[in-house]
Structure formats: structure tokens, C-alpha cells
Amino acid sequence: MISTLLSRMHGTDGDRTPRLLYGADYNPEQWPRSVWQDDVRLMREAGVNVVSVGIFSWASLQPAPDAWDFGWLDEVMDLLHEGGVGVDLATATASPPPWLTTAHPEILPVTSTGETLWPGARQHWRPTSPVFRRHALRLVRELAARYAGHPALVAWHVNNELGCHNVYDYSDDAARAFRDWLRARYGTLEALNHAWGTAFWSQRYTEWEQILPPRLAASHPNPTQQLDFKRFSSDALKDHLRAEREILREITPDVPVTTNFMVMGGTKGMDYPDWAAEIDFVSNDHYVRPGPQDRDELSFSANLTSGISAGRPWFLMEHSTSAVNWQPVNVAKRPGDLARDSLLHVAHGADAVCFFQWRQSAAGAEKYHSAMVPHAGEDSDLFRAVRDLGATLKALAPLAGSEREAAPVGILYDWQSWWASEQDSHPTSLLDYRQEALDWYSAFLALGVRADLVTRHGDLNRHQVLVAPVLHVVPADLAEALTRYTDQGGHLVTTYFSGIVDENDHVWLGGYPGALRDLLGIRIEEFGPLVAGDEVTLDGPATGTLWTDRITVTAPDTEVLAHYRSGTYRGRPAVTRRPTGGGSATYVSTRLGTRGLTSLLPRLLEPAGVRSDLPAEARGLVETTVRRGPDARFRFLVNRTDDTVTVPGLTGDALLGTLAADGTLTLAPRAVAVLRQPLA
Amino acid sequence: MISTLLSRMHGTDGDRTPRLLYGADYNPEQWPRSVWQDDVRLMREAGVNVVSVGIFSWASLQPAPDAWDFGWLDEVMDLLHEGGVGVDLATATASPPPWLTTAHPEILPVTSTGETLWPGARQHWRPTSPVFRRHALRLVRELAARYAGHPALVAWHVNNELGCHNVYDYSDDAARAFRDWLRARYGTLEALNHAWGTAFWSQRYTEWEQILPPRLAASHPNPTQQLDFKRFSSDALKDHLRAEREILREITPDVPVTTNFMVMGGTKGMDYPDWAAEIDFVSNDHYVRPGPQDRDELSFSANLTSGISAGRPWFLMEHSTSAVNWQPVNVAKRPGDLARDSLLHVAHGADAVCFFQWRQSAAGAEKYHSAMVPHAGEDSDLFRAVRDLGATLKALAPLAGSEREAAPVGILYDWQSWWASEQDSHPTSLLDYRQEALDWYSAFLALGVRADLVTRHGDLNRHQVLVAPVLHVVPADLAEALTRYTDQGGHLVTTYFSGIVDENDHVWLGGYPGALRDLLGIRIEEFGPLVAGDEVTLDGPATGTLWTDRITVTAPDTEVLAHYRSGTYRGRPAVTRRPTGGGSATYVSTRLGTRGLTSLLPRLLEPAGVRSDLPAEARGLVETTVRRGPDARFRFLVNRTDDTVTVPGLTGDALLGTLAADGTLTLAPRAVAVLRQPLA
Amino acid sequence: MISTLLSRMHGTDGDRTPRLLYGADYNPEQWPRSVWQDDVRLMREAGVNVVSVGIFSWASLQPAPDAWDFGWLDEVMDLLHEGGVGVDLATATASPPPWLTTAHPEILPVTSTGETLWPGARQHWRPTSPVFRRHALRLVRELAARYAGHPALVAWHVNNELGCHNVYDYSDDAARAFRDWLRARYGTLEALNHAWGTAFWSQRYTEWEQILPPRLAASHPNPTQQLDFKRFSSDALKDHLRAEREILREITPDVPVTTNFMVMGGTKGMDYPDWAAEIDFVSNDHYVRPGPQDRDELSFSANLTSGISAGRPWFLMEHSTSAVNWQPVNVAKRPGDLARDSLLHVAHGADAVCFFQWRQSAAGAEKYHSAMVPHAGEDSDLFRAVRDLGATLKALAPLAGSEREAAPVGILYDWQSWWASEQDSHPTSLLDYRQEALDWYSAFLALGVRADLVTRHGDLNRHQVLVAPVLHVVPADLAEALTRYTDQGGHLVTTYFSGIVDENDHVWLGGYPGALRDLLGIRIEEFGPLVAGDEVTLDGPATGTLWTDRITVTAPDTEVLAHYRSGTYRGRPAVTRRPTGGGSATYVSTRLGTRGLTSLLPRLLEPAGVRSDLPAEARGLVETTVRRGPDARFRFLVNRTDDTVTVPGLTGDALLGTLAADGTLTLAPRAVAVLRQPLA
């Protein structure tokens, strides 16, 4: 829980008023000591109260196998503490130093095509290397022992962005660990042979030693081998996280431990919902990738991070004050973006707003990545905006610790289906699991209907409507859970390519979608994927792309909500709904996109009685979320547009923004308002 | 000859009436025994009379170096025999089992960039590995010995799709074998140095051991080295085919042997015309790749397979009932496609129509590849269409064994020119040998003029007109043969980049096209390739792309059929014809595409007196082929469109379709009719 | 100096009249002796007086480690000498023979991803291999000793196109040599750690042995490591050049030494301005890549070659008579292109016009590369054009030895900025250093204002206006030099992303462009790169793409020449000028392209009083250059269009072309005129 972190911060300054955290990665080793004093002065000026230190300091802390240099870090920790800044101290294991990779090149990762990933950048280590593990844990133990009692220490930051570059390693170390993992999963080779379907293409294993990662092969490697390698690779990194955490817990049982996730864009190698149980609070890094849905994506990722954190407050460990350095073109943020982006994370449950990084580097691969203190220095509009945001976060302190209030709609986001649905040798290579979920999310935003991203670890029953886009992997127990959900009055909506395979990626036979066929009251004999550029029309204004299905209605009460009006399946059902005990089960067989879904959704939400949170004139212009504290709910209203927006009929006490006496809120472009509404 | 196979089938059931074969790859090892009985029941229902078994069964048959498990296969063979289904038994060597690659990683292929192709998929073996060869032949011997006398056995199926993924191997085994092959081809290093032109770029070899495959190099590798490596690689696989065949012939001299070719799309690594002499009957795999010329391509490939089989009946070993799994988007077949595609192969000489595969897999990399029994099971439109096709093939039994009747036009398809014309460091990298040939073929289809794809092994003199598109490699003997052909009244048509090099890829000097300059009566000083998007106009409505030539007419009787009207060579000849002793030699210097060729062709065909087989109203709408039996010719008429087509003026006895009393045939969309016309 | 070469030629024939050189690479080893006599006959006919011999003859000259075969070369040298043709004799080290790479595979280069570059093509050697070096130098010594006194020998041609394929080698040899180079550059690891900013990402080195080339890494490798590896790689090849040269100088001190540069297109690995001091005269290879700016690029490259040669005459070692063989589509030259392209090089200072190659090869990877004698032979329009050009060059003999007359404008072309500005992890990956410079050059061509490409080794003060596009790397001394330049009345124009970093790629802090901030009188807090397709409008008709800057004017006298009228920085300055002591400093913050620059330039040139050399009606249609001999200036006028152009008001004595009595010159399409104007 992030509250442990906050209570440690209280411990450091005695001030027990609630607060939001504000800060950055801080890399003093890149600067002469003369700059450090200035840093603390500017941090105070900006309202910074927490920084992450030491993330890439291994080579500085341990310059040789048996040499340690903690002096500079002691000094930094003391300085920060004196300045009233808590430290989220990194274990510094993210990037092995040159002496280690020179002595032990066998820790370097290997690609599927056999290429070594050499030093020169960062994160060049095999998650399964026993040599790397040994050296990393030794460093963790030294660090933890040294700073266990330091008053600045408020949390531990394990490694950094685990798996950002090294999640898939095909080395011999990985092969050995993969076998161990498989042995633990399957017990016997017979079970593995069955699960992997090795009767196909003469792949039957007779010794564990024969098994390899899915390295470059002559054709499509075994799909279950591929899927299990994804599972294994996520688990191998989780195992590293646990190994570091165990040492930290042993030495500093009271200091909360986190590691920064990367819930954003296409990052899918790490099964974060599964990892969340391993850390004391969830933290996340998020960067905007410019494009037409860019701020929808930010909201989606923040929302999903909240889902991974089970609705509890979380820590935004990194985002950017302006441009980044790793995209093809790194555009600057416009005025207002900095605060709006930060507050949108807070709206979705972030209690900490941190940036990469405090002071923009003068050298190195990230020198063109923006920071809180830019190359231009403190005399800059950027630093002034940073200071202003610090003040805003201070004003929002009352909502610290508040949780997410359940939305009427849940959108199920499932890593297993993400992994499996996008594998090769499928009906189409154009399927994009995350894009489909994002389009549904954008449609809810357009309607002003609140929707929570939820994971399979969440409680589905909190939502009247549960949308499960491309829920491809449906083991028997999930099928049962979904049936129970609808029997108990829940309204399930699912889409094309859902319910197709079990946990071993074996097709449920007898007609698609095997696992959900009876629940949906339909049967599909064949998929009808569409080539790029091809589309079909449906009843109403919608057009479908990517996919169609040859649907036969099998249950007498299944209703056809829309038919195909063109294409091979012209005249056949495209969208169906089967009523259940109080609930319903709806199937959408094609990709409608945000626009099509926005027009379809009202009809799908009607039986559940779900309506927009916003007056008609504000829908699509304003995003709204709700956090709930012990005494009050905090309603966020975020202007999604570049124009001024007026929202009438609101109540509450404005923590941010000004609510007119008649309950009308006027939001400047990109502005955010927060209303405190007392609980009855 | 496929007749040997048929006579073996007669041997198994005593019924000597002619028949067409119908079936699939059958992989019972993927299913529990309980399904096998059901399989045989459904095969009978569908009219299936032959299946290929054991293609990927190595790991099941030989689970360890010295362990054999034939029990399950015995059972399957018996069951099939009882069910009246003959077995085309695979030698099971297509995919080595994990125990073999673990013990002998040195059998794994290596790419030109040095990457190993690891197990996990299939066909991960070096064609030249002595270790693989030894193990594979041991398996073949065991299998042949065990099933030599089995009554279900009707043919041997060597390996599977030889070279699909492993034709180009750059390993040290390949290097050794390449040297042996070169030694056999050239005898001396002097001869090799001359042939490869190694005076260029300091490449002169002084020891055989210095020679390597054309691995990744700093720039364009030696072109003749590249060409010889293609020849060698095809021969290395042919050598494997022969090695397996020798054992089969030794043990079961009466059982015909085949291996399934892949005459389709861009598959060009294997010189199938050269391989055809090694097997007892030609079999082929064909898959449609959706696109504007997709069914022209199917016809072209079937036609070419017939050419490779020298007009004799052949065996369609694999095609699909609907979608495949390996294309970027795998579209389903529309109603009618399944039968039409199958019968188009029959129209071009297939006496067997088989699919990959019998029952759609629940797991593995091909689980989304359609089959005769789909995931939805027998209660499906797809299985009903499969059953209907079985009945149709039964009705067409009388044409079994009939051969291709020579068409007035031959299109020469030459693997040497295919390989050489598309090599690097050429005037253009956009040249597509097969596309040019396909466009000519499409033009003949549009005109309703029958054209046979023929290879250099065929008898060119059977055709009044011989089209040789991009006949790039013209050794002296071929130049003489073509001159003889035209001297004897034949009409030769050839195109840009023809007659340029000899068998060593050395340019014929003195002006292009050196080898055919005198025959054509023209001389070209320079090529004028066009960049993508560039085009030139010609007299008449045609436009040319890709290529132009700077042509000078050198023979007094050479006629200019069309000039360039734009571009650098404006006013110069674009299409020329030189009359010869009763025949002629025509040159087309640019890429006209199907549309341009369709407008040009009537003029080219006129001197040969070649005319359309179809009434004007059916041209372009209907494809027509003729097979000839001892007593009758069988004329196929295939509706190429999605509309109903009427063809007047026909005669014969309709084996398929209905011929009205007035000789008018009405063909539903995609329908096929077959008329039996007695021979005088 | 090329004059040494000429005086040697005089030595061989006693004729001391000035002359231009004309010839080609000559590869007699590819042809039977019977052709050699014919070659010399045709050379005489064409006016050829120099050829380069032996470039790829290593395998022919040294067929085994201890076997030498100079007989054929003796014969060729004698034949050429008898024919009056001088020989630029290659050291033959460009491509190691098979026996060497077989015995020593450790000389083969290795890519950043670990792939070996195998033999089969050419230039498969590591620049840093001691084994290769030893063998290469042994060959050089043998050759030099043998031909030291041969009368045909007029110059030495070291290797060939050094670095064309092997400039970046990541082998262990390269690693060792890189460390030596770094030790020499930095002296201590502390200095290197500072320069590379290794405090970032835990990259601190504690032993020299830890340092590696920037091989494939998990993310962006250290930028200064990348930049230093580029510097090192250029130096490694330069070191090879020097090693060969030392032997040649030792044995034949009077024979001038060159190596052919590749100043063209994107070739940027070799820092030619830095290499120029190592050779006795500059020679260059240039090939046209078809496209809208293709002849601007030719002019640009020839101009830059002249700059690298410090304005002294240079040697065009290779270009093509027509098509090449290595582009995706190799288009033929149109009539007139051959002479015009050649003479454009002469206009920019070439005293020798040579082609690759003399006789078009019948075999090998370059057989479709055009030559002086094409496949069609001497009876061809191409050979006739070659002969005509020989006559033209004879007529232009008087200008031999004349130098470049300084233009009013210099364009600074800086290899350090080229390398650094295009590195990864930058604000945009779309920045193209050379294209920006070329666009400025095209704008000057459009205006008829002469501009010299100059390097940092040149004397900047010769030009009234100095344009420095994307002068990204500005060490302190360069900043001072530029300030001095403007203080002394020079007009500096620079652009976006200039003045950003020092020689270690460290950002100058405090606001961009740090190194030039005060000089320009502006301050930039943030970059505003634009995504592809995005553009902004400026005052006037111009639009900007790629980049914008958030500019604040800081000096009271800085004038804003244009503002942004759209985009994030709307209303802010886009183009500024600050007056200095008699000069000025102008900043252009966006990419205007040729069209935008053409409209902006007159305003920028005005304060410097720079005006067009051409009458208004000829601007943009004619390119004009001036070479200056001891007694006369030679003015070139090149028709850049495909139409006839008339230029009034000219004076001089026409060496080429006809000047009417009224001073009007009429230029046919693509024609070139040369006027001799006596010096006062």
C-alpha cells in the first residue's frame, strides 16, 4: 500500500497532513557537487517531496568487484533529507557495469536469431543468469544494509522498468530456466506433449533436455511453446523482482517495495496484473505517443494501472514534462499539456506524480529527453509550469489515499488473450488486441459513460456491464465465471475471436466460440477475416473491418441486433444478444472502431440501465472520473478539447477550478477541475 | 505413371472401373483412437478413397534412436483398408524429431547470414547433412520393410514439400557438397574460374577448398556463384529424393513413388521439370493467394504442373477446402470456390484431388488451416460441400487417365531464366519472371485461346505459336533449337531481357539480344529500364512499363509492329516481327501487362492461324481445356465469373452440367461443365 | 598536386602542352590478349590518355602466398605506354584473394550484429586486421618495386573506394584498435569517462579492456561512443591509406599518390576533408542517382570535391557513361547527359575525366554497368559519344591546372556535424544533414549566385556570406572563429540544431544554441520538431517542415526577419538577424526547402551586397562556375534544362560553344559553354 510510503514520509518530517507526492528520477552522479545544492533549492521551490535515486548507479557504487563507493550517495541522501525530500531508493541493478560484463559476457542476452545484446546502452542482462543474479543481489544487500536506517529512505525501487529491453532472452541460461519452469507447470513430459500438441509436425519430446526457447525456426514455431515462453519470460523477471524484494524485506521490513511498471502503448511482455501481488504498491511509467488517440491512450493506461492496483492509489513513477528522446519524432508538449497529463493520472488514482527526470542531462542517450529543469535552466517557462503543478498538487492533498469508485462498466483486459490472440499463423495478422480495447474505451469516453479497465484478478461483479473485447483465451473456469456473471444479472459484451481456445491454446471444438457458444446462443462455422482496406456494412451507419463471422443463431431467444448488409455473410447476423437470468450476453462479430461503437453502445447499455455521467452538452468534451475517500468523493472533470467547455448542473466544493453558484463549471482548454462531494 | 497407383488401388478392391482419387493428408496421431472410427465413417460418406498418412510421424514412429512404435500405424492402415481407403504412405522424414536434433545439432540449416534454423517448427534439416541422411534412410528402410505387403499401400510419398523452408542452406555441410557438385560440373578449377568470371574483383580460386556458398558478403556476390548455388541447392534436394526412392524401389518395386511439388506462386527454388524424371508420377500442392489474378494463377499453376508431367495425369496432393493459416490475412473461400478450384485442377490433368488435411487440428501451428472436417464438425456447410465434391468426382470417373490435348500455343517456362533474370545487380530489380509469364497466360484466357505451359523438357514443336517471355538464359543449343522451330514454320514470340546470357550468365556480346539477334533481325545497344511509376505509350492503346529497349532493325524483312510514342526511345521500334521459313520471330520490348497483351495478341496469332476456342460472347468469361482419352476428348468449360454465363454452339455428352438440345450450355456462377466428345 | 601527375605524363611523351586527362578503369585481366590490342586502338581513337590498371588484380598478381605473376601486367603496361596512355597503377589491395581469406578468415569484417562478411564480392577485409595489413603491404612493396621505373606509370592509386563496404567493422580487431585510438585521444580513462558521459546508465569504465565498439545493444548505445567510433573508423582507413602510401613514397618518391574518394550521395563514413592532406591529389568517384535534384547533387558533389581539394584541380576517377548496376532501377543516360555530366565536373575543377570502366564486362556483378566500350562494341552511339567527348576535352586543354575562383558565398560542410546531427535518440530521426545543405545549394543555383562548398579546413574569410546549415557540433574554437568572422564583416547564416553540442556531444547549457546564442542574439528554451507531413507557415509565402524553435530574442539589435504564422510557436520569431561589426548573424529555425530558401535568400544576401552572376532571364536555367588560371579566368555556363537557353551580355573567347558578336550565348539542351576571359 502506498500509505506505508506516506507514513514513512510523515516519519521523516512529522507532518501528518495528507499529501500528494511530487518529484522525479534524480541522477546527481551526472553532475558536479556544486549543482547538488542548487538542485535541492529548486526542488523546494517546485514543491518536490520525493525523488528516485540511484537507478543507474551500479558502476558508481561498486566500481570494481570488491570496491564500494557509497560516499557520494551518503551525501546526496543527507542533502535531500535536509531539504525535506524523501528518497525512493533504487537497488541500482538495472544496468550492469562494464567490469561485470567484461568478466562475465555470459550474462548478456541473446536474441531469437542468436545475436548477443552487447553493453553500451542499458539492461544488457539475462533475467535467468545465475551469475547476474548473484552479483545483483550482493549489491542489493549492501545497499539495503547501508541505508536501512537512513531517514530519507521512504521506499525501495527494485531495478528499473524490468523487461523494457531484455524480457525475451533465448540464451542457454534461458533454455535451462524455461525447462525448469515447464517441469513445474506440467510435471510430466506427457502433459507437456499434450499441452503443446507435439503430435503435430513430429515435435514430440522424450527428454526435458530437448526443449528450447522458440528460437528462429524454419517456419512458425509451436504456438503453445511460444505462449508458454511468453509466460515463462514474464515469470523469470518476476522471479528476479522477488529475489531483490526478499532481501529488502529481510533487512528493512518496514520500507515498502515497488518496481516501476510500463503500462503504456504496446508494452505487453510483462503480466503486470500477475506481478502486482509481489510489490507493496503499484508504480507506473507512462509516455504519450503522439497521434489521434493519444490522450485517450493516456487515460486508458492510467485507468488500467488503477485496475492492476485493484483501485487503490498508485505511484506515477515516470512521465515527461515535454518531449522524449526515443520516438521517431519527439514533439514538445503544448502549454497546458504538462499539468493536464499529470492530473489525468491523478484522476485515475495516482497519489504521486513523478517525472523522468529532475535535471536534463548534458550528455548520454537521453540528453534530449525533457526534465523538470531543462537545459535552459530555471529561467524557463517549463520550470515555471513545473512549479505551478507543484502548487496544484498541494491544493489537491485532501484526496490523497482515496480509491477508485467502481464504474458501471468494466472492460476486461486480459494478458493471456493479448498474448495468444496476436500470435502467428492465425486467421489474420492484423488483429490488435489493445487497439480493440482502446476503441471501446474511446467510445465510452465519447459518451461520458465511466468505464473501469479491470483484469482477471479483479471483481467482475462490481460492474453492471462487462465488455470483454477479443477474450480469446477462455479456460473452463473463466467460461463458468462469465456464465455466473450473466446469470446473476450482469450484461456481458464480447467480440470476434473470443472464447476460441483454452489455456493451452487448443481450440474448443464443435463450432466457435466454443467456450461461450451456449452462453451467447450462436454458432460460427467459419471465420471471415477481411484484408486491409476491405470493409462490410451493417444495419445502421456502422461499417466493419478486419473480421467477420459466419454466425448461425442457435438459441431461440437470441436476438439479432444488427445484420451484415454486404460481404460474403450479407444477411447473416453481425451483432447478437441473448438474454440470461436478468442479464445478457452480447456478441459483436466485427471491428467497428470508435465511431461505430459509439453509435452501437447506447443500445447495448440500455438493458443494464447504464447512462452517461455528463449532461448532453459536455459528452465527448469532458472526461470524468471519481475517487472516493472515507468522507467524500472527488469528482474530476478534464477538458479533453482545445476550447473552453461549460458543464452545468454540478455540485460540490471545488478543490481545483471554480464552480459557479448555479452549479456551472467553466473549463479552459485542457483544464482540470476537482469537486469534493461529501458522502452522505 | 499414375496408372500404376490406380492399378494398385484396383488390386486392393478388385474394382477395375476408372476412378478419380479423392482424399487428404490424414494425421490420426493428433487424435485419440475414438476419433479414428469416425474418420473412416465420414471418409466413406464423402467418397474419399485415398489418404496420405505419416507425413510428420517420425517422432511417433521412432521415439528414440533405437525404439520403434509401428503399432498405431498398423492399426490405422488396417482401419483404412477396411474402409476402402488406399494409403499414400509418407516416408515420415519431413521433420526430424527432437531427440535427433538434440543429439545432432549439426543437421540444422544455417542461413546466408549465419543464423541457425532451430527446431520448433518443421523441416529443420540440411539437405546435405550426412548425419541426417543416414537417420532418414534408416527410417525409410524400416517403414518400407514393414508396410511392403500391406494391402492399403498404393503409393509412397517421399518426405514432404521438399525445400519448402530448407532449400538454401549455407552451412559447412553445404559448402562441402557445393564443392563436390562444382567439381562434377566443371572438372577443373580453370573451367570454374572461367565460368564464374573470377578475373573480376580478384575472385580467382586456386584450390577447391576456397569455394564457399554465397554467404552474406560486403556487396553483390559473384552472379554465376549465385546461379550455380541455386542449381546445386535444387540438385541437393533431388539427391535426397533419389536416395529415399532407391530404398523404396529396392523393397517395393511395384509401388509407385512420388513427392509433392509446390508449383505455385513464387516457389522457385526447386527445378521441378528436372525433378519430374525421378518420380513415378507428379504430384503437386497448390494454395490460392487472394488477389486480382488469383484464379488465373491457379489455372497457370495447374497448367504448368501438367507441363511438368508432360501432359500425363497428375495428383493434386494438397490444396485447401477454405482458408489457410500462413498468409497475412487468411480469407475463407466463398460458396462454390471449393468445387470450382478442385475441378480446375482436374481440367488441367489432375486425376486426384486431395486436401491438406482431413480433420482440422485443435492445436499446433496449422489449427486455423481449413480441412475436410472443420472445427465445427460434420454438421457444417463445409463438410456438405466436401461430400458434394466427392459425388461430382465419381461422376467424372470416365476421364481418369486421359491426357492433355496439345494447345495451339505453348508458353515456355524456364527455371534457368527464372533464376538468372531475377538476380541482383541487373538493369532493374523490379523484373518478375513469373508475373510476365502469368500476364501472357491471362491474356490468352481473356481471348479464349488455349495455351499450354511447357518446359524445356517438352516438345516445343507441338505448338504453332511459342511464347517465351523473358527467356534470359539462351545457351547456344537453345538458340539453335528456336531457330529450327521457326525455320520449320513455328511462330516464336519473345520479350525484353531474353537471349542475353549463356548458361554461365555471360553476356552474348555485340548487341542484345546476342543469342537471338539474327533470328529476330534486330539489334539493341542499350536497355532502357523504367523506374516504378514510369510508363511509355506505344502505337495503339498500349502502354509499357518496367522496361524499354533501344532497338535498331537490322534485317531487311523485319517488320515493326509498334513504335514507342513517348519516352527516350520515342519513334523507335517497340514490337518487331521477322518472317522466317514459314514461321516468324517476334520481339516485344516492354512490359505490356495483361490488358496490353490482350490487345496485341490477335495480331501476333494471325500469321499462325490460331483462333479462339470459344464463341465471342463467352471469351474471357469461360476457361476451356481439353483432356483426351483413348476414345473421347473431354472438354471442360469453367465459369470464371460470379455471374451466369451462356455458351452456344457446343456438342458432346455432358458428364457434368447440362447441355441444352440446341447446344447451349448455361453455367451458374463458378460452375464447371464437362462434355465428352467421342473421337472419330 | 595533380601537376606532378601531369609532369610525369609529359615525361612519358615529352609533350608539354597543357592537357586534360581522359580515361577509365581498365581491367584487361577479364579479356583474352586478343582484345588488348583492340583496346589500345580504340583508346587512341577516343582520345584516352590515362587509365587505372590493376584495381582488382591481387588474385592475378599473387595467385598463392609465395607465387607472383607480373608477366601479364608487364605486357599491359608496355602496350599502354606504346599507345601513349599513362597508367594510374592501383596497389591491387582492394579485394583479398580467396587463398588469403581461406588461410586467414580472421581478416573478414564483422557487422554490428555479429555477422561475418564473407568473400564472394569484394572489400571483405577488416581495416584494423594486422594480418591483412601485412599481406597488403607486401603486395604494395612488390608492385612498387617492379613498376618503379616503368615509363607508363604516372600515378599510384591506393586500394579502391576505401570504406565503400567495410568502413564499420565491429570485430575484435576493431575493438583492440578502437581502444588504442581512444587511449591516444583521451590519455586517461577519467577523460574518456567524462567525454562519454558514462555516469549515465552505469557505463563507467575502469579498465581500457572493457571498451567495445558500439555493437548491437539493448537500446541506444552511448552517443559519444557512437561518434568516436565513426571518427575512429574513418581514421582506421586513413591509417591504411598512409601505410600503403609510405611504401610508395619510399620506393617511388616522385610518383604522386591518390586514392579515389566517394563524395556523392549519402556516403559519409570517411572524413575526406581530413584525408585530403594524406594524398598528393584528390580524386573522386561520382554516380548520379536519378531523382528531381539529381544534377544539383552532381554539381554539389563536384563543388564539395573542389572544396576538399582546397580549390585545386582534382581527378574524376570514376563516373559512368550511362547506367550503373547497383541501384534498384538503373536508368540509361539520355543523349547529351554523358558530356554534360563530365563537363560539370570539369566546371568544378576536375582536370581528369575518367569512367568506370573502359570495356563493359561480359561476366561478374558489374556486367550491366555501362562503360566506354559497351557490350554492343565500337559500332554504337555510346562509343561515338565517348569519342566526341575526347575531342571536347582536347579543346578545353587550356584550362588544365586552373583553380577555383572563390565565390561570394561559402557553404560550410562539416563531417563532425553530419555524423553527430543524424545520431539516434535525437529530437527527430528525420533530419538529413546533407539534404539541408543541398537545398541551400539548389537555392543558390536557382538564383544564379555562385556558392562554394567549403570544409572546416578551408579559409572561411574568402566568402562574404557563409552559410552553415545544421552546424550541430560547435567546439569553443569554432564558435570563436565564427564570431571573429562576423566581427570582421562576414555574414553568417545558420539554421536549426546548430551550435548545440561541443566536440564530445555534450549540450551547451543555458538555452540553445549554446555555442552561438550570444552571436545570434537569441535564446531557445525548447525544440519543436514536426512530425512527417506537418508544416508551419511563416510570414511571406514560405512554409517550414521538420523543425521549429521556441525563440526568444535576447539582444536589443536582433531583427526578426520572419515570424511563425501557425503552429505552437505562432507569433514567435522564425528567422532572425543580429548585426555585428560590419557583418551579421542570421538564424533560420525551420526547414524551408529549396523553394522557401530561394524566396528568402535575396533578403539574406542583400546586406552582403551579393548578387547573381547571371542576367535575370538565365537564372535557374544555367549553372555558372569560374576557374582561374594564371592569365585568364574560364567561365562555364551549363544549360540545366532540356530546352534551348539564351544568355545575353557575355564576354570572352569561347573555348566551347559559340558566343555571338553581341555577347549572346545560345545553349542547346544540356549543352555547356566555356568562355576564356583574359585577366587584366
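Letters A, B, ... mirror the listed sequences (proteins, then strands); counts begin at 1.
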Check: [Y] and [X] side chains under 4.5 Å, non-hydrogen atoms:
X: B:K367; Y: A:P223; answer: yes
X: B:E29; Y: A:T198; answer: no
X: A:V531; Y: B:V331; answer: yes
X: B:L382; Y: A:E525; answer: no
X: B:T116; Y: A:L216; answer: no
X: A:T206; Y: B:P98; answer: no
X: A:R204; Y: B:P97; answer: no

Give the member of [options] that has the highest number of heavy-atom pairs under 4.5 Å with chain B.
options: A:G197, A:A218, A:S429; answer: A:A218
options: A:E209, A:Q225, A:R523, A:E207; answer: A:R523
options: A:E115, A:Q226, A:R550, A:Q423; answer: A:R550
options: A:H220, A:H426, A:R215, A:H506; answer: A:R215
options: A:A199, A:S112, A:G114; answer: A:A199

Roughly how far apart are [X] [atom1] and [Y] [atom2], rounded to 0.5 Å?
X: A:I524; Y: B:S380; atom1: CD1; atom2: OG; value: 14.0 Å
X: A:Y205; Y: B:T102; atom1: OH; atom2: OG1; value: 8.5 Å
X: A:T428; Y: B:N325; atom1: OG1; atom2: CG; value: 12.5 Å

Item to check | Closest non-hydrogen atom pair between A:S202 and B:S95, with its separation | outcome: OG-O, 3.0 Å
Checklist entry - Taking all non-hydrogen atoms of both residues, which atom of B:P119 and which atom of A:A217 are closest, and how far apart? => result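 Distance-wise, the nearest heavy atoms are O-CB, 4.3 Å.
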If you count heavy-atom pairs under 4.5 Å with chain A, which of [options] comes out on top?
options: B:T111, B:T101, B:D379; answer: B:D379
options: B:A376, B:P374, B:A59, B:S57; answer: B:A376
options: B:G120, B:S60, B:A363; answer: B:G120
options: B:L117, B:N27, B:L61; answer: B:L117
options: B:G377, B:P328, B:A332; answer: B:P328

Next on the checklist: Does B:V329 form a side-chain contact (heavy atoms from CB on, under 4.5 Å) with A:L430? I'd like the steps, not just the answer.
Outcome noted: CA-CA 7 Å; B:V329 177; A:L430 304 176; 3.6 Å; yes
Under 4.5 Å from any heavy atom of chain B - which part of [X]:
X: A:Y569; value: side chain
X: A:T224; value: neither
X: A:F527; value: both
X: A:P214; value: neither
X: A:L530; value: backbone

Next on the checklist: Are there over 12 heavy-atom neighbours, none belonging to B:H104, within less than 6.0 Å of that residue's NE2?
Outcome noted: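 Yes, enclosed.
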Next on the checklist: Does atom CZ (B:R33) have a neighbourhood of more than 12 heavy atoms from anything else shown, all under 6.0 Å?
Outcome noted: yes
Item to check | Working for side-chain contact (heavy atoms from CB on, under 4.5 Å), residues B:R122 and A:F200 | outcome: CA-CA 10 Å; B:R122 63 174 183 177; A:F200 179 77; over 6 Å; no
Item to check | Test item: side-chain donor near acceptor, B:S322 and A:E526, under 3.5 Å | outcome: yes
Checklist entry - B:P96 versus chain A, heavy atoms under 4.5 Å apart: side chain, backbone, both or neither? => result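 Contact with chain A involves the backbone of B:P96 alone.
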Item to check | B:E378, part contacting chain A, at a heavy-atom distance under 4.5 Å | outcome: neither
Next on the checklist: Whether the side chain of B:N330 engages the backbone of A:P529 through a donor-acceptor N/O pair (distance < 3.5 Å, no angle test) should be reported.
Outcome noted: no
Next on the checklist: Please verify the inter-ring angle class for A:H472 with B:Y368; under 30° counts as parallel, over 60° as perpendicular, anything in between as tilted.
Outcome noted: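 Judged by the thresholds at 30° and 60°, the geometry between A:H472 and B:Y368 is tilted.
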